[in-house]
Amino acid sequence: MNEDDRTTCRMHKDPDNLMQMIYQIIAAYFEDDCADELTNDPVLTAILGKEKLASQPTLSRFWNRMDEDTLSQLEIITAKMRETVYSIRQPEHMLFDLDSTLLNTYGSQEGEGFNFHYQAHGYHPLLCYDGLTGDLLKAELRDGTQYCSNGADQFMIPLLKEYRTKYPSLPLYLRGDSGFAAPKLYDVCEDNDCKYAIRLKQNNTLLKYAADVDEALYRATRYNQTDYAVEYGEFEYKASSWTHPRRVVCKVEKPFGQMIHLYTFVVTTMEMAPYQVIQFYCGRGKMENFIKEGKSGFDFSSISSHSKVVNANRLQVHALAYNLFNWFRRLVLSASMRKQRIDTIRLKLLKIAAKAVRSARYIVLKLCSSCPYKKEFYETLANIRTLQPQLE
């Protein structure tokens, strides 16, 4: 048998497989099957320094080898990379936006269940974003039947301790909707000097405390029942499950053209005026955009394994790809494109026609002379060259 006829044995190590999956996810090749069509892709093979990429069976075996240890390792990788990003540009304060979402499942998968809130089967992961930058600080895959606040305090403890240890002077803030109105979460925030604003579900006791504010709104709209009107107030409140009274701010508003009153209650340790606390809380509406970006742009729902721990690892890898792009967008992307979403960036910068020219020492990627975003492309490259991260 000739040497050329022999089967070539290629070794694909786990770090290489991880890097390949991250690049595939950023390029929107979410499924393992996509690897079979990318085996000889000139750009990816050049980036990864390999003659051929790993195929679908190799990647599937890579996923199936993952366990609790790899899950912890991926969380450490994310924290280390976040620390490197902060060495370039450290935030002036940290805003934890806490939320949950539904990741759809199909068939009999470990931990899947019917979620009453979403009226669908799936997983119900906890997510914590940086409310200012959109960085996904932490994600935890949970059973589909879990309520929003279940385990939220234990979920936040490592993150709060990390920031308190590494950045002791950094002000910490947390926001959450009424699903996270849990005394254990309040206690964790107070123990770690983290200011919070968490919405409370409306009940008769809270309405009694807000009666004066409600009456003030009636007086203000006595002669004008058409225009929008709003009143703010605050009071000390102690629910039966709380260890001590806490400050609650309220907002009572009358919508335009209606005679009903709508109520918003927020428990907080912040010292701002009531209307400022409400404005601060309402800013968490950006969370929906972050979650949408993760689910549609990076396929957080790519959890097709039967094993829950494998699916948890998959979520961590997709979250890492999301963060890498978010850091790329914030730190080096052309200023005119930093507000654009991943699908737009893929169309304008990543998936564009180019010619790969190999020389003895370099691989040169040549753009089309009429490339419409050539200026932004070169500006991004120039920004990358100016980065000075502190690496260990």
Side-chain angles (χ1 to χ4, degrees), residues 15 18-28 43-44 46-48 74-97 127-139 159 162-163 166-167 169-173 283 286-287 289-294 296-300 316-352 354 365 367 371-392:
L18 176 61
M19 290 300 298
Q20 178 177 333
M21 279 308 309
I22 288 174
Y23 279 113
Q24 281 191 206
I25 294 167
I26 292 176
V43 175
L44 289 178
I47 291 173
L48 296 171
L74 288 169
E75 292 176 351
I76 292 172
I77 290 172
T78 300
K80 288 289 186 182
M81 296 194 68
R82 183 166 60 238
E83 188 175 355
T84 301
V85 171
Y86 288 172
S87 73
I88 302 172
R89 186 183 303 170
Q90 183 173 322
E92 296 181 358
H93 58 269
M94 178 51 57
L95 175 55
F96 300 112
D97 266 336
L127 305 171
C128 182
Y129 286 87
D130 180 340
L132 300 178
T133 64
D135 292 350
L136 180 51
L137 304 175
K138 189 174 181 181
L159 201 55
E162 174 189 335
Y163 278 85
K166 295 181 179 179
Y167 317 101
S169 61
L170 191 68
L172 304 181
Y173 302 92
K286 292 187 295 183
M287 276 282 291
N289 292 331
F290 300 152
I291 294 174
K292 182 179 178 181
E293 175 91 335
S296 64
F298 294 88
D299 198 18
F300 282 6
Q316 292 297 328
V317 173
H318 284 251
L320 181 56
Y322 166 91
N323 278 326
L324 284 167
F325 170 76
N326 204 50
W327 296 328
F328 166 79
R329 175 170 51 193
R330 185 164 79 250
L331 296 177
V332 300
L333 194 59
S334 171
S336 61
M337 304 179 76
R338 286 178 188 167
K339 293 185 178 180
Q340 296 176 357
R341 296 300 177 186
I342 179 62
D343 290 337
T344 306
I345 301 302
R346 285 183 183 128
L347 179 66
K348 293 181 177 180
L349 286 188
L350 302 183
K351 290 188 171 183
I352 57 178
L365 299 177
L367 297 179
C371 178
Y373 300 103
K374 184 160 54 177
K375 176 183 176 182
E376 288 79 4
F377 192 94
Y378 288 123
E379 182 181 344
T380 300
L381 289 179
N383 291 336
I384 292 174
R385 293 189 186 100
T386 61
L387 289 179
Q388 294 182 341
Q390 296 179 8
L391 303 175
E392 296 182 354

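Note that the structure is a prediction, hence the values are computed from the model and not measured.
Rounded to the nearest 0.5 angstrom, L387 CG and I88 CD1 are separated by 4.5 Å. To the nearest 0.5 Å, atom CG of residue L349 and atom CE of residue M337 are 4.0 Å apart. Note that CE of M81 and CG of L324 are 4.5 Å apart. Values are rounded to the nearest 0.5 Å. Interatomic distance, CD of E75 versus NZ of K138, reported as 6.0 Å (0.5 Å rounding). Considering OH of Y373 and CG of L367, their distance stands at 14.0 Å, rounded to 0.5 Å. Interatomic distance, E379 CD to K375 NZ, rounded to the nearest 0.5 Å: 7.0 Å.
Open room surrounds NZ on K292; 12 or fewer heavy atoms of other groups in view lie less than 6.0 Å from it. A 6.0 Å sphere centred on OH of Y163 holds more than 12 heavy atoms belonging to other residues, nucleotides or ligands.
Of all the heavy atoms in A139 and L127, the pair that sits closest is CB-CD2, 3.7 Å. Taking all atoms of both residues into account, the shortest heavy-atom contact from C371 to I352 is SG-CD1, 4.3 Å. Listed here is the closest heavy atom pair of I342 and G297: CG2-CA, 3.6 Å. The shortest heavy-atom contact between A321 and I25 is CB-CG2, 3.7 Å. L44 approaches Y23 most closely through the heavy-atom pair CD2-CB, 3.8 Å. K351 and A28 make their closest contact through NZ-CB, 4.1 Å (heavy atoms, listed as atom of the first residue, atom of the second, distance).
Looking only at side-chain heavy atoms (C-beta outward), V317 and L18 come within less than 4.5 Å of each other. Two residues are said to be in side-chain contact when any heavy atoms from C-beta on lie closer than 4.5 Å; P91 and L132 fail this criterion. You'll find the side chain of V85 stays beyond 4.5 Å of the side chain of R89, heavy atoms only. Within the 4.5 Å cutoff, side-chain heavy atoms of Y129 are placed close to those of I291.
R82 and E162 are joined by a salt bridge, as a carboxylate oxygen and a charged side-chain nitrogen come within less than 4.0 angstrom of each other. In summary, K348 and E376 do not engage in a salt bridge, as defined by a charged side-chain N under 4.0 Å from a carboxylate O. Ion pairing of R330 with D135 is present here, as a side-chain N (NZ or NE/NH1/NH2) and a carboxylate O approach within less than 4.0 Å.
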Criterion side chain to side chain contact (heavy atoms under 4.5 Å, CB included) on L381 and R385, from CA distance to verdict: CA-CA 6 Å; L381 289 179; R385 293 189 186 100; 4.1 Å; yes
Trace of the side chain to side chain contact (heavy atoms under 4.5 Å, CB included) decision for N326 with E293: CA-CA 10 Å; N326 204 50; E293 175 91 335; over 6 Å; no
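Side-chain atoms of H93 never come within 3.5 Å of backbone atoms of P171 as a donor-acceptor pair (strictly under, hydrogens ignored). Remark: the backbone N or O of L136 is paired with a side-chain donor or acceptor of N323 at under 3.5 angstrom. Side chain of D299 to main chain of H318: no donor-acceptor pair is present (N/O by atom type, distance under 3.5 Å, no hydrogens or angles). Using modelled atom types, one side-chain atom of T380 and one backbone atom of S334 make a donor-acceptor pair closer than 3.5 Å.
Legend: salt bridge (charged side-chain N to carboxylate O under 4.0 Å, His left out) pairs involving residues 334-346, not counting sequence neighbours, sorted by first then second residue: D343-R346.
Between F298 and F325, the two ring planes are tilted [angle within 30° to 60°].
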